[in-house]
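For reference, the structure discussed in these notes is given below.
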Protein chains: 2
Amino acid sequence: MLFHFKTQFPELNVFWDKYLEFQTRLEIPAKTVLLEEGKISQQYIFIEKGCVRTFFNNNGNDKTVQFFFENEGLASLESFVNNIPSQFTIETIESSVVYLLPKQYVTQLLHELSQVPDFMQLLLQIFSRRLTHYTKELVSFIRDTPEERYQNLLSERPHIVQRVPQHYIASYLGVSTVHLSRIKSKLAKGKPHF
Amino acid sequence: MLFHFKTQFPELNVFWDKYLEFQTRLEIPAKTVLLEEGKISQQYIFIEKGCVRTFFNNNGNDKTVQFFFENEGLASLESFVNNIPSQFTIETIESSVVYLLPKQYVTQLLHELSQVPDFMQLLLQIFSRRLTHYTKELVSFIRDTPEERYQNLLSERPHIVQRVPQHYIASYLGVSTVHLSRIKSKLAKGKPHF
DNA sequence: TGAACTTGATAACATATGTTATCGTCCGGG
DNA sequence: CCCGGACGATAACATATGTTATCAAGTTCA
């Protein structure tokens, strides 16, 4: 997944803004597929309103990998950079408004950015953040029980739990919807709120 | 984790070789800690002989994340780049011979490399490979059963199974040693070799 | 060589989690 | 206004996996 230059590095806005004119605005309903697993990513996606998830198919059983919300951007990075099929599908959860920037312009943009002094340092930082994110996800999967993962989600990213339908949460946590229900009811008993 | 410039990109050897003189050679026994979880990575490690693993501690219960062998190099990337504590411990599995290149020289090396035309493209490729690796690990954890993960390991990286003690494999697969034994004995029944 | 340690297998039992089925609620479109 | 679909809770049962304990076969090292 890519990052969004604009929000993360204001000093790069000037570059980003040059490409605004090449973006396409889309208003799309829930469950619209923006990139299909197995296809090659052709555009960078920026979310103005709504939310999307990335997932992969496992015998008709979706596994959600990540959620994205307003003012976040994404693309299948490996697919983008190496021109290989995407591991994931990208799909809206709610009806959304997104902007699409075709790959050729992203490549151009990256090329322009490579002229910026110390851009490599930025790039290193960006990637090490992404790597950190994925290794943390991995570690959490290895180390934590689904119940712990749910509690982490609740405390660290409560907006996800509030906004996203529960079966997507279950698929993100790596458990069945039934078991997530169990976890919730167990937690509810432990900590009654009044 | 970093990559090893030298083996992956021969055209960069000339840069790498300039730093050979700053490397320290170490002969160390099994179970030697090269970087401790929570400390800041101070050097890049290159393995001449032997093998090492990275793991994190979970209530005295190690969880192995990755294995490295001859002619591979590693460092805690995030720790390196951002000067933050490493999420993992790096430890030898067998008695090994390693070379250490202090961080300051790696930084210098990276700076020199940033002068190379199109180095950014290389860097993008390097990082997208790393990202792909971690996302594949993550996907495998989410999608596959421990038995499937073991079979994947057997078919794709049999040298690991042959060389690494079984309890490290179990910890890498995310199961108890007892359960890995069960998996092995189950597979042995299914496919008798004679 | 003997003792301590490491490695691995197995059994018995406990717990966690998946699967299937059923039910209730809510919500949006005809 | 009603109906169907999406969403979520729960029960009953099946399976996967962890935990603890025990044993056996190497390995290392004094």
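Computed over heavy atoms, backbone and side chain alike; hydrogens, waters and symmetry mates excluded. Chain letters run A, B, ... following the sequence lines, proteins first and then strands; every chain starts at 1. Quick caveat, the model's predicted, so the values are computed rather than measured.
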Expressed as a whole number of angstroms, how long is the span from [X]:[atom1] to [N]:[atom2]?
X        : N      : atom1 : atom2 : value
A/Arg182 : D/dA9  : CZ    : C1'   : 11 Å
A/Asp62  : D/dA6  : CG    : P     : 14 Å
A/Leu180 : C/dT17 : CG    : C1'   : 12 Å
B/Ile93  : C/dT6  : CD1   : C1'   : 14 Å
A/Ile183 : D/dA9  : CD1   : P     : 12 Å
B/Ile169 : C/dT7  : CD1   : C1'   : 13 Å
A/Ile142 : D/dT17 : CD1   : C1'   : 16 Å
A/Leu173 : C/dT17 : CG    : P     : 11 Å

Quiz prompt | Residue whose nearest DNA chain C nucleotide is more 5′ - B/His179 or B/Lys31 | solution =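 Counting from the 5' end, the first nearest nucleotide belongs to B/Lys31.
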Quiz item: Hey, are A/Ser128 and B/Asn82 close enough side-chain-wise for a donor-acceptor pair under 3.5 Å?
Solution: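 Distance-only check passes for B/Asn82 and A/Ser128.
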Practice problem: Taking atom types as modelled, find out whether B/Gln43 and B/Tyr99 have a side-chain donor-acceptor pair closer than 3.5 angstrom. | Solution: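 Per modelled atom types, B/Gln43 and B/Tyr99 side chains form no pair under 3.5 Å.
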Quiz item: Under a 4.0 Å N-O cut-off, is there an ion pair linking B/Arg163 with B/Glu94?
Solution: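 Yes, B/Arg163 and B/Glu94 are salt-bridged.
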Taking only the side-chain heavy atoms of [X] (C-beta and beyond), determine which of [options] contains the nearest atom.
X        : options                : answer
B/Val175 : C/dA11, D/dA12, D/dG18 : D/dG18
B/Pro165 : C/dG8, D/dC7, D/dT17   : C/dG8
A/Ser181 : C/dG18, D/dA9, C/dA11  : D/dA9
B/Gln166 : C/dG18, C/dT20, C/dG8  : C/dG8

Quiz prompt | Check: A/Tyr134 ring centroid to B/Tyr134 ring centroid under 6.0 Å | solution =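 Judged by ring-centre distance (under 6.0 Å), A/Tyr134 and B/Tyr134 do not meet the cut-off.
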Quiz prompt | A/Phe56 vs A/Asp62 side-chain heavy atoms within contact, under 4.5 Å | solution =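 A/Phe56 does not reach A/Asp62 side chain to side chain.
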Quiz item: Taking only side-chain nitrogens and oxygens of B/Lys184, does any of them come within less than 4.0 Å of OP1 or OP2 of C/dG8?
Solution: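 It does not, given that no N or O in the side chain of B/Lys184 lies less than 4.0 Å from OP1 or OP2 of C/dG8.
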Quiz prompt | A/His167 vs D/dG8: side-chain N/O to OP1/OP2 distance below 4.0 Å | solution =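 A/His167 to D/dG8 OP1/OP2: side-chain N or O found under 4.0 Å.
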